[in-house]
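As the structure is a computational prediction, the values presented were derived from the model and not from experiment.
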Amino acid sequence: MSKVDVVQRPGATPVPSSLESAMAAAAAAVVTTTAGSGSAITTTTTTTTANSNSNSNSSHSTISARPLIPTTIPTTTAATTIANTATTAVTKPTARTATIENLQQPTNAAAKNKNTATTTTTPPSSQNRTNGTKRPRPSDHRDGRIVKSRQRPVSSKNSMEPPVLSFYGTQPVPLPSRFASLKKRLVAGHESALEASWSRLIVALRDEIKYIDAHRAELIPSIHFTEINDTTKIAPFECSLKRHGIGVIRGVVPSEDASSWVEETKKYLETKHDFKPPPAQDPTCFDFFWTPAQVRSRAHPNMLQAQRFAMSLWNCNNDDRLATRFPITYADRIRIESTNNGIITVNGVAAAPVSPEDSLIAAAAAASNASIAQVDNGSLERWELDGYGRCGLYDDIFKGNWEAYNAWDPAGRVNATSDLYNGAGACSMMRMFQGILALTVVEPGMIRLLPSPKLSTVYFLLRPFFSPKEPAPDAGDSAEKWEAYLDPSNWALDKEQSTIIHGAVPGHAQRVTAAWHPHLQLDKSLVTPPTLQAGDYIIWHPDQAYQFSNTNYSSNSKPENKSDPSSGSHTSMLIYSPAAPLTQTNALFLARQRKAFLRGHPGPDFDSTGTGLGSEAPHTGRLGEKEIREVGGEEGLQAMGLAPWTLGSKSLVQETPKSISPTEEKKDVEMLDDGPGTGPGTGTATPASASSGSRAESEVVRLANIILFPDRYDFYMPTRASSPVPTSREKDKDGDKEMTEEKGKAKGKDVSSSPSTSTSTSREREKGKGKER
């Protein structure tokens, strides 16, 4: 996303390390030095080789940490500013006591920079091989065969893969040929309508950008947590939230709790020995999932109530197979920034100054001068028929009727697949809101969002089908040339669809960039929310474009108190806390996530190999089920899949060895009541919609209990007989019984009370018991 501004502090002396310096060390992932007339990129790793140049000046620390996987940063054409450096050397420290400097992201740039004049590397041998390469064997050279080094796939989002670098380039990544056929099939028969809708969209989007640029932060509504049951306060908040896709719920968590969680998390992380370094493009986002702040905040009753309130604002109907009044936990990451007087420090010493050579992605960003925003919940999946196409969520858009698209209808998202490519960090769970809980004061500038959930989504979905007739003018050209370039008359539907889908590559989140999505005018449309206080909760639509900045401290205008040595220190901590409803698919994911929690492994979406890379199992002070119950009670356990759900005062699925009969299920449906947490902020069904709405919700809860607690609940396939409405077979049976009774009465013999009948029936029962014996 954004580069990290690092300022050298001359004459700095080492000080004892702390969480702040440990977290800031990851921001200085690649240390750049300049020698002579050429730039030399010095990349540190924790691996020693026989012929490496040992030159380590690491400062020892009280916190011992070591990265888990040496990742590789390949070069691409986007990183043109460092592709022709004169010399590239790999400096590797000798094996010593692990220090905080080992938090820096390991790389191996020498093997990948093929355009350099001189490259110093160590050839692999049988004693010193690259991790994951095939062991050479004598038979490999028979008949002139070449030894093939098969690199084991390392699923790590720390590796700077070419698609990530390509987002900063001028040309999108071409995809396999099937995507050209996919694009053609999506718009087949609707070409004229689609081209007309594009012109309408550009005009509407032009007015939308002007509106956003004029109002900025005023477009982001806020409501206090104590007001979420006040209908007079809810109405304006809901209206603005649905219009702009962003909202802030103030005071969700008491500031005292937030402060205690921060301190508890600091102590927790100081005992961490193995960790997964953050990606170079986002050095403050850490792959910790079960810190005290995360576990406690997810189970806090106020957080669950706020998420329930937010999800109740969607346009749900009685047939939607989801339960918004049962929010569930999605284990996402934590964001931590630490500075000292506005300077990022490593082991108490100011980090090296930033230059375009700090990392390949920083160089690519500097070369392209691109503004990039991200959209979660899949990328290519939005066009794929097996992704969001399963429910036809965006069909109206592809048919040229984008005005009919309802961004707040969850029906097209319940059964969608948002992670077809098992990408590291890609979300597999249906989320109705992406959200962040601030545990410290967050000044404006940390995050920017595009407050247009409908038009921006329609635009990036249709952009791959259109191309400009005249190319884009240069950056310094007049405004008239840019207006002519952006005018609808300059754009036309492609006769032959290409394989390019702008900003979308397999396994990565959707990106929107200034170069590929010029009509969004990201420099004007991305809005900074107001200051977030500790305990505030900001939410936004899952299709919303957003951008994080790693320079929150630069906006912190607190005066420096020189008499207090700690006054210039600043720690910013935010918890990713999306709002997710209970669905059948989400319950399946929750079962996997529960297992990861109990083992201390990363969330399933961040551990696609299933190896538990970055496990927090050895952590001192790792919280468990007991602490969740203390914070959130039964509801907190349910959100983590540790306790079954109930509707009203009775569990929907009976804990009996037999299946539920239609009559029993009907009783469960009829027993639905408001239960705990009623009102507008809970999303509970009203009496008018209880009958049909509760029936859909009860089926979701029943299946979720079966999925998560199969040893306690009997499973049966839903059939027509499971409906509370009597089936035709039952009606025929009742009719036959009535006819028999009438015939018996006509003959003067009551069949149901006949002594002979009762006697024969008792004899049959005795015979049956004898057979069983």
Heavy-atom neighbours of Gln584 CD exceed 12 at 6.0 Å
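No - once you tally the heavy atoms of other residues, nucleotides and ligands closer than 6.0 Å, there are 12 at most.
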Inspect the surroundings of NZ in Lys242 and state if more than 12 heavy atoms from other residues, nucleotides or ligands are less than 6.0 Å away.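 Yes - once you tally the heavy atoms of other residues, nucleotides and ligands closer than 6.0 Å, there are more than 12.
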Do we see a donor-acceptor contact under 3.5 Å between the side chains of Thr291 and Gln294?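 Their side chains do contain a donor-acceptor pair, which is all the 3.5 Å distance test asks for.
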Any donor-acceptor pair under 3.5 Å linking the side-chain atoms of Arg335 with those of Thr284?
yes
Checking [X] side chain against [Y] main chain: does a donor-acceptor pair fall under 3.5 Å?
{"X": "Ser525", "Y": "Leu450", "result": "no"}
{"X": "Gln547", "Y": "Ile372", "result": "yes"}
{"X": "Ser259", "Y": "Ser255", "result": "yes"}
{"X": "Arg448", "Y": "Met446", "result": "no"}
{"X": "Asp536", "Y": "Arg250", "result": "no"}
{"X": "Gln638", "Y": "Ala643", "result": "no"}
{"X": "Thr440", "Y": "Met573", "result": "yes"}
{"X": "Arg382", "Y": "Gly378", "result": "yes"}
{"X": "Gln593", "Y": "Thr329", "result": "yes"}
{"X": "Glu616", "Y": "Phe288", "result": "no"}

The ring-ring contact (aromatic ring centres under 6.0 Å, His included) partners of Tyr388 (sequence neighbours excluded) come to Tyr394
Quick one: list whatever passes ring-ring contact (aromatic ring centres under 6.0 Å, His included) with Tyr330, sequence neighbours left out.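 Applying ring-ring contact (aromatic ring centres under 6.0 Å, His included) to Tyr330 gives Phe589.
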Task: Audit row: Thr585, Val414, side chain to side chain contact (heavy atoms under 4.5 Å, CB included) steps and yes/no - done: CA-CA 8 Å; Thr585 303; Val414 174; over 6 Å; no
Quick check for you: to the nearest 0.5 Å, what is the distance between [X] atom [atom1] and [Y] atom [atom2]?
{"X": "Leu590", "Y": "Ile707", "atom1": "CG", "atom2": "CD1", "answer": "9.5 Å"}
{"X": "Asp332", "Y": "Asp287", "atom1": "CG", "atom2": "CG", "answer": "9.5 Å"}
{"X": "Leu393", "Y": "Asp409", "atom1": "CG", "atom2": "CG", "answer": "8.0 Å"}
{"X": "Asn302", "Y": "His300", "atom1": "CG", "atom2": "NE2", "answer": "5.0 Å"}
{"X": "Phe548", "Y": "Glu337", "atom1": "CZ", "atom2": "CD", "answer": "9.5 Å"}
{"X": "Arg592", "Y": "Asp607", "atom1": "CZ", "atom2": "CG", "answer": "9.5 Å"}

Which heavy-atom pair separates [X] from [Y] by the least distance, and what is that distance?
{"X": "Val248", "Y": "Leu532", "value": "CG1-CD2, 4.0 Å"}
{"X": "Pro327", "Y": "Gln307", "value": "CB-OE1, 3.8 Å"}
{"X": "Val701", "Y": "Trp645", "value": "CG1-CB, 3.6 Å"}
{"X": "Gln544", "Y": "Pro451", "value": "NE2-CA, 3.4 Å"}
{"X": "Gly632", "Y": "Pro301", "value": "CA-CD, 4.2 Å"}
{"X": "Ala299", "Y": "Leu304", "value": "O-CD1, 4.0 Å"}

Does the side chain to side chain contact (heavy atoms under 4.5 Å, CB included) test come out yes or no for Met303 and Tyr537, once each step is laid out?
-> CA-CA 8 Å; Met303 275 297 295; Tyr537 183 41; 3.9 Å; yes
request  = Show your reasoning for whether side chain to side chain contact (heavy atoms under 4.5 Å, CB included) applies to Leu219 and Ile212.
outcome  = CA-CA 8 Å; Leu219 304 178; Ile212 293 173; 4.1 Å; yes
Side chain to side chain, [X] and [Y], heavy atoms closer than 4.5 Å:
{"X": "Phe289", "Y": "Arg333", "value": "yes"}
{"X": "Cys316", "Y": "Thr324", "value": "yes"}
{"X": "Tyr268", "Y": "Thr620", "value": "no"}
{"X": "Asn586", "Y": "Leu322", "value": "no"}
{"X": "Pro581", "Y": "Phe326", "value": "no"}
{"X": "Ile220", "Y": "Val527", "value": "yes"}
{"X": "Glu381", "Y": "Tyr421", "value": "yes"}
{"X": "Val375", "Y": "Tyr546", "value": "no"}

Just list the side-chain donor-acceptor pairs under 3.5 Å for residues 427-439, sequence neighbours left out, or say none.
residue: Ser428; atom: OG; partner: Asp419; partner atom: OD2; Å: 3.2
residue: Ser428; atom: OG; partner: Asp605; partner atom: OD1; Å: 2.6
residue: Arg431; atom: NH2; partner: Asn377; partner atom: OD1; Å: 3.4
residue: Gln434; atom: NE2; partner: Asp376; partner atom: OD2; Å: 3.1

request  = Give a yes or no on whether a salt bridge exists between Lys266 and Glu263, defined as a side-chain N under 4.0 angstrom from a carboxylate O.
outcome  = yes
Sidechain N-carboxylate O distance under 4.0 Å for Arg629, Glu634:
yes
Checklist line | Trp408 and Trp314 aromatic ring geometry - parallel, tilted or perpendicular at 30°/60° bounds | finding: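 Trp314 and Trp408: perpendicular rings.
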query: Testing Glu264, Glu630, Glu627 for side-chain hydrogen bond (donor to acceptor under 3.5 Å, both in side chains) with Arg296, which one passes?
result: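 Answer after filtering Glu264, Glu630, Glu627: Glu264.
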Of the options Asp320, Asp543, Thr583, which is the one that meets Arg413 in a side-chain hydrogen bond (donor to acceptor under 3.5 Å, both in side chains)?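 Passing option: Asp543.
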> Stepwise, does the side chain to side chain contact (heavy atoms under 4.5 Å, CB included) test hold for Ile538 with Leu449?
Replying inline: CA-CA 11 Å; Ile538 182 171; Leu449 302 106; 4.3 Å; yes
Worksheet item: Mind checking whether His244 and Trp540 have ring centres under 6.0 Å apart?
Response: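 No, ring centres 6.0 Å or more apart.
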From the list Val295, Ile334, Leu623, side-chain contact (heavy atoms from CB on, under 4.5 Å) with Trp290 holds only for Val295
